[in-house]
There are 2 protein chains.
Amino acid sequence: VKAFGVQLLSTSSLLVFLFLIQLPTMLADSAPAVPLMPLPAHVITGEGMYVIDRNFNVALAGYSDPRLLLARKRFLATLFRETGILFRSEPQANRACFTVLTAGAGNPVQHFDEDESYRLAVNPDHVQLTANTPLGALHGLQTFLQLVRITPKGFAVPSITIDDQPRFPWRGLMLDVSRHFIPVQVIERNLDGMEAVKLNVLHWHLSDDQGFRVESRLFPLLQEKASDGHFYTQEQVKEVVEYARERGIRVVPEFEMPCHVSAWLAAYPNLASGPGPYQIETHWGIFHPSMDPTRESTYQFLDQLLGEMTPLFPDAYFHIGGDECDGKEWDGNPRILEFKRAHGLKDNDALQAWFTSRVQKLVAGHQKTMEGWDEVLQPDAPRDVLIHSWRGPTGVAAAARHGNPTILSNGYYIDLNHSAAEHYLVDPLDGDGASLSVEQKKLVLGGEATMWSEFVTPDNIDSRIWPRTAAIAERLWSPQEVRDVDSMYARLDLISQKLEYYGLQHKSFTGMMLTRMSGEANPRALKVLAEAVQPPVGYAREELKEYDNTTPLNRLVDSIPPESNATREFESLVKAIVSGKASPEQWDCARRLLLLWRDNDAVLQPRLNDSELTSELVPVSHTLSLVAAIGLQAIDNLQTHHVYESTELQKNLEALKAAEKPQAILRLMVVSPVEDLVRAAGAQ
Amino acid sequence: VKAFGVQLLSTSSLLVFLFLIQLPTMLADSAPAVPLMPLPAHVITGEGMYVIDRNFNVALAGYSDPRLLLARKRFLATLFRETGILFRSEPQANRACFTVLTAGAGNPVQHFDEDESYRLAVNPDHVQLTANTPLGALHGLQTFLQLVRITPKGFAVPSITIDDQPRFPWRGLMLDVSRHFIPVQVIERNLDGMEAVKLNVLHWHLSDDQGFRVESRLFPLLQEKASDGHFYTQEQVKEVVEYARERGIRVVPEFEMPCHVSAWLAAYPNLASGPGPYQIETHWGIFHPSMDPTRESTYQFLDQLLGEMTPLFPDAYFHIGGDECDGKEWDGNPRILEFKRAHGLKDNDALQAWFTSRVQKLVAGHQKTMEGWDEVLQPDAPRDVLIHSWRGPTGVAAAARHGNPTILSNGYYIDLNHSAAEHYLVDPLDGDGASLSVEQKKLVLGGEATMWSEFVTPDNIDSRIWPRTAAIAERLWSPQEVRDVDSMYARLDLISQKLEYYGLQHKSFTGMMLTRMSGEANPRALKVLAEAVQPPVGYAREELKEYDNTTPLNRLVDSIPPESNATREFESLVKAIVSGKASPEQWDCARRLLLLWRDNDAVLQPRLNDSELTSELVPVSHTLSLVAAIGLQAIDNLQTHHVYESTELQKNLEALKAAEKPQAILRLMVVSPVEDLVRAAGAQ
């Protein structure tokens with residue numbers, strides 16, 4: 001028996017789409033020793049394995065309740081999807097195979113200070129899961145599901161003992177359902193994914209300029225005029241909250257105020273600071289409409305609405321937004337200017353602080369603790385107000401120094417198409433946070449991935465969330481020193497596969513969307529192109545100003561994952577070649593990839609103009625071919641120690657420079673590594 | 001404008017999995033002119049096309065009701081999945097793009113004699129759908145969805161005028177949910193598929209030896225002891241019935257009696273003809289347990305149960321099964337033998353007729369019309385009893401001659417892995433049926449595909465139903481003279497693709513299951529093998545006697561569709577070669593396929609023993625390689641006009657003979673066409 005804290009094995013996934021031309025695999029296909037994400041706090045591996053067959057069953061010992069009974073049922077259903085084994089209703093082996101021993105009940109309403117720890121001991125003849133609360137038991141069940149793999153003896157889990165608990169108690173995913181509406185079914189499958197990676201907060205961003213998404217019976221114009229007809233009924237809200245609770249996930253609602261409120265004002269213009277008229281915003285950006293913080297009627301309205309909404313969301317926290325007020329309407333309203341003078345409010349920040357303070361009291365009056373974005377942190381903010389930082393570690397540190405609990409989202413903006421590695425290396429206690437005192441650090445509760453929905457629909461939202469959010473989940477659960485990016489990617493591939501058994505469509509969506517774009521059942525050449533490009537990072541697409549909320553999101557840029565495994569592999573091949581450490585297989589592999597990319601255009605090009613959705617790819621496919629040809633020449637030069645003529649080198653570098661320019665809003669990911677090859681060949 | 005009744009264009013789908021090695025496409029990739037399944041009764045194509053954009057909307061004119069409103073909503077949701085277009089809630093074009101004019105209401109309870117006709121007129125500037133009833137409108141909406149395709153101008157529907165109505169009024173799919181339980185969600189996605197191809201009856205086979213699947217409040221032991229815990233609550237039954245009605249689909253329940261009743265008898269042994277004890281049957285086959293037709297208590301029980309069940313199913317018909325009584329228990333019970341003597345019942349058929357006659361009166365007493373399998377057709381059967389023929393056209397004709405309405409299922413047993421072409425060419429009015437009088441023919445109401453569930457689970461059931469059931473749907477809807485198999489396959493490929501937008505998993509299941517079997521994210525070499533094999537036809541697998549109801553169905557044989565497109569393409573290439581009509585591209589294509597199959601084993605073989613589920617494929621993969629090598633040699637011989645030495649020819653034919661033997665319950669589909677090549681090369 002070998003003991004270790006956290007073992008990180010680095011492997012490389014196969015260049016899967018090259019298999020048909022039977023490339024030798026360039027690296028050993030070894031599986032990580034602990035194929036878990038998030039990695040547990042403590043692991044001891046043992047000898048042998050527990051084999052799962054149709055007599056497998058699960059016994060609940062100790063404390064039990066409906067949530068645990070449902071979890072047991074769901075566990076067996078997921079295990080069926082993982083294995084295809086139909087478990088007997090009355091197993092022939094007359095004993096429990098897997099015992100779940102839960103010490104006691106959880107809180108009636110889940111709270112972040114609940115004990116989430118568990119111990120999972122897998123031996124060849126028995127599995128024992130021990131937890132203090134149902135939350136720990138839920139986590140342990142998910143750990144077991146992740147450990148299942150196919151072996152020569154059938155589906156099995158290797159002998160292992162895991163002692164585990166989270167580093168941070170607040171591990172969330174924010175879903176913006178305002179900019180594009182996200183149906184309940186899509187939310188629920190993502191809750192399944194959250195449970196799989198031990199996330200425990202769904203932050204439901206329910207209102208913004210583009211729509212108010214909850215039925216109000218007191219103020220029905222909110223759904224009638226402040227939404228485009230897409231909203232959740234109160235029954236659906238309850239369903240989602242219950243679905244989440246069953247999976248150990250809290251639901252924190254957010255209703256933005258006093259800004260990001262175009263939708264509310266379209267329904268109730270009396271709340272506004274300006275003269276109107278107002279309408280639901282259909283574009284993306286930051287807009288002027290804001291509530292009037294100076295009128296009592298505003299607070300009366302909010303108090304009534306809070307009275308209706310807070311009972312729908314049992315969680316202790318209530319998020320009131322509060323970000324990005326530009327103050328334009330306040331500056332333009334003489335009555336508000338007068339109010340500021342009369343109350344000695346020196347600027348709009350102070351005016352917003354006045355508003356926030358009033359709202360905080362309303363929220364508290366409904367037995368909720370207020371949460372808001374960085375902007376709500378004001379000198380006199382009560383110590384229990386939770387600060388949600390979109391600005392970064394500095395915001396987190398400032399909140400903690402002020403004595404307020406806080407969570408981080410800056411760095412976890414999964415809508416911006418950054419790599420899993422970039423998100424993974426952001427830590428709530430890095431930067432400014434590292435200098436906090438021990439007591440202050442305890443106020444840093446965790447973080448949330450934020451799924452802003454300008455550029456997602458039910459078609460592709462899963463792909464923007466998964467698998468990268470699993471890397472963020474690991475950051476928030478696992479020990480701080482777990483930071484090996486290669487290990488993370490190796491395990492991310494495995495969890496990404498497992499997440500398909502939870503109904504997520506982050507892997508299958510590309511095939512569906514490429515078929516739709518091309519009209520072809522199996523558009524292989526289009527897939528080759530799709531694997532060589534990535535969507536733009538950051539706000540590049542928003543800055544095009546070409547979009548509103550019904551612009552179809554059905555182009556190639558919408559149909560590909562934020563991160564291409566194929567080009568990541570190619571980059572690592574090039575790194576090996578350039579550093580002089582490449583094996584013959586790696587040289588060969590890089591060459592074949594480049595051949596594939598060079599020759600793909602000849603097959604793809606004649607079809608691209610058959611579809612409105614692929615015709616914009618004419619130059620992209622052409623450029624890929626061109627870049628790959630340059631790469632092939634560079635590889636030849638490197639292998640034959642041939643030196644470029646200087647004009648040729650220059651010409652190639654210029655061509656690559658030109659190829660860097662996005663076409664069809666796509667980044668051609670092959671350009672940069674090919675440039676590395678060319679420079680290396682030029683420097684011989 | 002070109003007018004035609006039904007135009008059948010034959011195309012060939014691409015050998016898709018070969019694309020990466022950039023095979024020239026061997027045949028033109030032309031789409032069928034009328035890409036519909038089922039083909040409509042009358043079609044006139046026009047010039048131009050209607051382009052769908054985000055201002056598209058649908059107006060309901062004339063009669064409207066909640067079913068039509070829901071249909072409109074569902075139509076737009078499906079159109080979103082087909083196109084990715086987010087339709088504006090308030091379109092900018094201030095007029096209806098698509099008008100649905102429905103003349104009047106449908107029956108409160110859908111009946112097979114309802115008018116299902118519709119007229120769909122698509123012009124470049126407007127779409128008009130006209131129907132007498134909501135059923136016709138539902139059909140027309142589905143026709144429009146099938147016509148949508150991507151073009152250089154975007155998603156569009158070509159100008160067309162369709163006048164359509166079904167040939168048969170009863171077009172069904174039977175689902176056996178007893179042998180393997182099928183969850184509501186799976187039934188519902190299959191109801192969506194049924195709507196897409198205009199099937200209008202779900203025949204729900206709810207009880208059999210292996211389980212009684214509906215909650216009974218009067219006789220709760222039926223779910224407690226006559227099921228393994230998997231059953232539908234009465235609420236779920238109502239949900240399915242409502243879901244079906246919304247889609248223009250009737251639900252006919254079947255409760256088998258007096259045989260196929262092991263499950264009932266496990267719960268209520270007093271109903272039995274034998275001494276027991278009884279238990280739920282876990283194996284497949286025909287079993288002895290049967291109800292005692294001689295005791296009044298049997299009929300009292302059935303009358304009460306019918307009183308509870310019939311209100312759950314509003315349809316006019318109630319299916320009482322009645323097939324495959326072996327009479328063993330009756331022969332072994334002296335009291336029953338005495339009863340037969342006393343009542344002059346000369347054999348067990350007569351005894352069953354006595355039972356059926358009693359049950360028919362009970363069913364009628366609950367305002368239902370009885371339906372049963374062939375066996376319930378007895379000389380004194382009332383004229384309204386519907387005869388469901390599992391025996392064949394002779395059974396259908398016998399029923400019609402007797403004056404009873406009748407439907408056909410023989411020939412539509414989709415569980416037996418026959419080809420779409422085989423099912424397609426079975427017609428209820430072929431054979432004996434052809435000689436019926438005009439009046440008798442009117443009694444032949446249609447047919448039902450039957451999904452017996454010995455070898456399906458939620459993993460793969462979609463693939464056994466789809467796309468082949470669409471071919472059966474065409475047989476039952478389209479004019480009798482529509483019989484062109486090549487046209488059918490070309491259109492089947494298109495509808496198969498469209499069915500993915502309805503959530504069906506008949507295409508995606510193979511990838512999921514191969515990944516599960518192998519543990520590889522993209523097991524390409526395993527896919528190559530998977531495309532060269534098919535599951536056995538008929539009862540070959542059942543005859544192995546290796547199965548019960550919890551035997552895992554997660555092997556390769558469970559993971560592949562009943563019909564491999566790749567081998568069907570290879571067969572057509574070989575046909576062209578052997579007949580001397582092959583183009584150079586076809587020769588090349590056949591050669592490359594054989595190369596792929598020959599060389600795949602070298603890649604696949606080393607991995608097969610890593611998984612219990614793939615180790616049985618060791619000989620299959622090896623044999624594929626061997627057969628492909630023989631095929632390559634035959635092609636060489638044909639191209640070079642080289643003649644085999646006679647011993648060599650003999651050796652090859654013997655090897656092929658040996659390769660025909662199923663391994664791992666798989667048929668290697670390459671053997672027979674390779675044998676054709678060898679024989680052709682030998683006969684030069």
Side-chain angles (χ1 to χ4, degrees), chain A residues 13-14 16-17 19-22 31 54 80-90 149-155 180 228-230 457 459 493 496-497 500 508 511-513 515-522 524-525 528 549-554 558 596 599 602-603 609-613 615, chain B residues 13-14 16-17 19-22 31 54 80-90 149-155 180 228-230 457 459 493 496-497 500 508 511-513 515-522 524-525 528 549-554 558 596 599 602-603 609-613 615:
Chain A
S13 65
L14 292 173
V16 287
F17 66 92
F19 192 89
L20 263 189
I21 43 177
Q22 305 188 350
R54 53 178 150 162
F80 164 69
R81 289 193 299 274
E82 276 197 60
T83 64
I85 296 171
L86 300 152
F87 301 106
R88 292 188 205 270
S89 51
E90 293 178 23
R149 64 187 72 174
I150 185 69
T151 76
K153 291 184 178 167
F155 289 97
H180 280 108
D228 52 9
H230 292 297
T457 71
D459 276 344
D493 276 356
S496 184
Q497 192 60 51
E500 290 218 300
S508 59
M512 186 278 283
M513 290 181 77
T515 287
R516 186 162 77 187
M517 287 171 62
S518 65
E520 290 178 58
N522 200 340
R524 292 207 175 243
V528 169
N549 63 348
T550 57
T551 306
L553 298 174
N554 57 6
D558 304 300
L596 180 72
D599 296 342
V603 185
N609 278 318
D610 291 348
S611 157
E612 189 201 27
L613 294 175
S615 55
Chain B
S13 65
L14 291 172
V16 287
F17 66 93
F19 192 90
L20 262 189
I21 42 177
Q22 305 186 348
R54 53 179 151 161
F80 164 70
R81 288 193 299 275
E82 275 197 63
T83 63
I85 297 172
L86 300 152
F87 301 105
R88 292 188 205 271
S89 51
E90 295 179 22
R149 64 186 74 173
I150 184 70
T151 77
K153 291 184 177 167
F155 289 96
H180 280 106
D228 51 10
H230 292 298
T457 72
D459 276 344
D493 276 356
S496 184
Q497 192 61 51
E500 288 218 301
S508 58
M512 185 278 282
M513 290 182 77
T515 287
R516 187 162 77 186
M517 285 172 61
S518 65
E520 290 178 56
N522 200 340
R524 291 206 177 246
V528 170
N549 63 348
T550 57
T551 306
L553 298 175
N554 57 6
D558 304 300
L596 180 73
D599 297 341
V603 184
N609 278 318
D610 292 347
S611 157
E612 189 201 26
L613 294 175
S615 55

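Computed from a prediction, not measured in an experiment: that's the story for all the values here. In what follows, every chain begins at residue 1, and chains take the letters A, B, ... in the order their sequences are listed.
- Taking the side-chain contact (heavy atoms from CB on, under 4.5 Å) definition, one finds that B/Leu553 meets it with B/His180, B/Phe455, B/Thr457, B/Arg541, B/Tyr547, B/Asp558, sequence neighbours left out.
- A side-chain donor-acceptor contact under 3.5 Å links B/Asn554 to the backbone of A/Thr83.
- Across A/Gly84 and B/Asp459, no two heavy atoms sit closer than the pair CA-OD2, 4.1 Å.
- Neither the backbone nor the side chain of B/Met513 comes within contact range of chain A, judged by heavy atoms closer than 4.5 Å.
- Residues satisfying the ring pair (Phe, Tyr, Trp, His ring centres under 6.0 Å) test with B/Phe80, not counting sequence neighbours, are none.
- Contacts between B/Glu90 and chain A at a heavy-atom distance below 4.5 Å are absent for every atom of the residue.
- Chain A forms more heavy-atom pairs under 4.5 Å with one residue of B/Met517, B/His230, B/Glu500 than with any other, namely B/Met517.
- For the options A/Thr515, A/Asp610, A/Asn549, heavy-atom pairs under 4.5 Å to chain B are most numerous at A/Asp610.
- Taking B/Ser615, B/Gly519, B/Gly154 one by one and counting their heavy-atom pairs under 4.5 Å with chain A, the maximum is reached by B/Gly154.
- For a residue to count as touching a neighbouring chain, one of its non-hydrogen atoms must lie under 4.5 Å from one of that chain's; by this rule B/Gln497 touches chain A with the side chain only.
- Distance alone, capped at 3.5 Å, is enough to place a donor-acceptor pair between the B/Arg516 side chain and the A/Arg81 backbone.
- A/Leu613 is listed as a side-chain neighbour of B/Ile150, based on a closest heavy-atom distance under 4.5 Å.
- For the pair B/Thr551 and A/Arg54, the minimum side-chain heavy-atom distance is below 4.5 Å.
- Looking at B/Asn609, the atoms closer than 4.5 Å to chain A (heavy atoms on both sides) all sit in the backbone: N, CA, C or O.
- Atom CE of B/Met512 and atom OG of A/Ser508 lie 11.5 Å apart (nearest 0.5 Å).
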